[in-house]
Amino acid sequence: MIEQTAPGFKFKLLHGEHCTPRRGELHTPHGIIETPCFWPVGTVGSVKLILPDDLNSTGAQGMLSNTYHLLLRPGDEALTQLGGLHRWGGWKKPILTDSGGFQVMSLATHRKLSEECVLFQSHIDGSKHILSPERSIAIQRAIGADIIFMLDVCPAFEASEKELREAHERTLLWAIRNRRAFAEFPSRYGHDQTLWAVVQGATDLALRREAAATLAEGNDFGYAIGGLAVGEPKELMYPAIAAVTETLPIAAPKHLLGVGTPDDLLSGIALGVDSFDCVLPTRNARHGIAFTSRGIIRIKNERYKLDQEPLDPDCKCACCRQISRSFLRHLYFASEATAARWLTYHNLSYYNQLLTEARDAIAASRFPEFAATKRVGWTENI
RNA sequence: GGUGGGGUGGCCGAGUGGUUAAUGGCAACAGACUGUAAAUCUGUCGUGCACCGCACUACGUAGGUUCAAAUCCUACCCCCACCA
């Protein structure tokens, strides 16, 4: 069995040592995560609309939060005084934090990028905040996340060749500073943290391999694949993922940032990805979309007006056990917050059920067959 | 009975002679969303069709003035307020 350790952490590959898909266990100071797994996104320290207990019952094993947003408020000083996010936010399972690298892209109009750092102008009050590899590590230390990511530069899909190259090179240079800062700044709350590198390179396979190979020399505990699902066609996304997972060390856990749809997860798993995070199940829930084993349901659509079926007859979640599509539609149009809450709860439950089944399928060496039966694309569930 | 105000597309509500099939908002219908500036945003929304265009019907009702009217005039109907 392949296993790698770091203070407070262990990643055990239970299946897929020399091939994909992989089935594993990621031991963290806040519990063991069965991989492949999905991390729901709680940008400001909380998954929107969902209480920690409910998040727990969706089957979520961890939560991803965000450095930039928590820097703006409450700020790292307050976080330190409050004892870190685990203590402050009530979520006791593992926490993963994005470094703020995504905001380099998503908030491109609010930042200035230099060789040294990113200067953000707050989208909330216009105040200025510097995010450098050192600052990002310091803030993630203050948050107390189990897994923290290196500050990277995430290029936009439309980025020019030159911008792409710069983002790639800066990400590699910053990796060194990220590691140094991680070594210099101690963890704060008596539990260990682990630093993962972020691989960029857009859909350029050579660039991806180069980034992965260079970063691998740093012997980081885990790796994240960034800069995908930002608008590029899927035919380009999947090879980019493969280029990275093939190049990185087998023993290291690999996270695919910001992906994706249920089908993307199945594809990612097949390519050797161990974990995912994405806003899709939560954001789309608020926008009236449910993911189901038979396709998506746009609950606003008229055809669900008198539909007494549950969202997904095969789903075991509390929503599918208790209320119908028509009632959800009614709640949605009545602008009841519970509509979005039910849908968020269902979507997260659905994602986690899918991954639980995927892990079982991997363990039973029948993942390809399993995945084939689960792919639904973006077809509508009627 | 008198005086004043008002009747606009499913609803509310702008518009007081000419780029008006008629601003907005709501409702309705459809779509987008992938490390969350998003419980947000976009499109359609009188009818018909050969539907990036054309035709028809529309601003209480009926007439009238005018090259041109939701907008001006007359009558009538209805609603609201106040006064008798």
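Computation of the quantities below employed the complete heavy-atom set of this structure, encompassing side-chain atoms and omitting hydrogens, waters and symmetry-equivalent molecules.
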For [N] and [M], measure between their [atom1] atoms and round to the nearest Å.
N      : M      : atom1 : answer
B/rU16 : B/rC72 : P     : 10 Å
B/rU23 : B/rU34 : P     : 33 Å
B/rC80 : B/rU8  : P     : 14 Å
B/rC52 : B/rU36 : P     : 42 Å
B/rA30 : B/rC12 : C1'   : 24 Å

Under a 3.5 Å threshold, yes or no: a donor from one side chain and an acceptor from the other, between [X] and [Y]?
X      : Y      : answer
A/H191 : A/D146 : no
A/N381 : A/T292 : yes
A/N347 : A/T344 : no

Taking only side-chain nitrogens and oxygens of [X], does any of them come within less than 4.0 Å of OP1 or OP2 of [N]?
X      : N      : result
A/Q103 : B/rU36 : yes
A/N66  : B/rG35 : no
A/T43  : B/rG35 : no

Check the interface with nucleotides 39-45 of chain B: list each N/O to N/O pair with the protein under 3.5 Å, or write none.
from	atom 1	to	atom 2	distance (Å)
B/rA39	OP2	A/R286	NH1	2.5

(request) Give the nucleotide from the list B/rG35, B/rG31, B/rA37 with an atom nearest to the side chain of A/L107. (result) B/rA37
(message) For A/W39 and A/H255, take the angle between the two ring planes, folded into 0 to 90°, and tell me which bin it lands in: parallel under 30, tilted 30 to 60, perpendicular over 60.
(response) perpendicular
(message) Is it the case that the ring center of A/W196 lies less than 6.0 angstrom away from the ring center of A/F182?
(response) no
Nucleotide [N], atom [atom2] - distance to [atom1] of [X] in whole Å:
X      : N      : atom1 : atom2 : result
A/W378 : B/rA30 : CH2   : P     : 17 Å
A/R329 : B/rA28 : CZ    : C1'   : 9 Å
A/L256 : B/rG35 : CG    : P     : 10 Å

(message) Given 3.5 Å as the limit, does a donor-acceptor pair link the side chain of A/R325 with the main chain of A/L311, or not?
(response) yes
(request) Taking all non-hydrogen atoms of both residues into account, name the closest pair between A/F370 and A/L354 and its distance. (result) CZ-O, 3.8 Å
(request) For A/E232, report the nucleic acid contact type (base, sugar-phosphate, nothing); a contact means any heavy atom under 4.0 Å. (result) nothing
(request) Remember a base hit wins even if backbone is also touched, and classify A/L64 as base, sugar-phosphate or nothing at under 4.0 Å, heavy atoms. (result) sugar-phosphate
(request) Could I get the full list of salt bridge (Lys or Arg N to Asp or Glu O under 4.0 Å) partners for A/D274, not counting sequence neighbours? (result) A/R22
(request) Kindly determine whether A/F291 and A/W378 satisfy ring pair (Phe, Tyr, Trp, His ring centres under 6.0 Å), including the steps that lead there. (result) CA-CA 9 Å; A/F291 292 95; A/W378 206 261; 5.6 Å; yes
(message) For RNA chain B, report each stem as range with range, ordered by first number, or say none. Use Watson-Crick or G-U wobble pairs under 3.5 Å, at least 3 in a row.
(response) B:1-7 with B:77-83, B:10-12 with B:24-26, B:28-32 with B:40-44, B:46-49 with B:53-56, B:60-64 with B:72-76
(request) Look up atom OG1 in A/T67 and atom CZ in A/F102, then write down how far apart they are to the nearest 0.5 Å. (result) 14.0 Å
(message) Heavy-atom nearest nucleotide on RNA chain B for A/H123 versus A/F333: which residue maps closer to 5'?
(response) A/F333
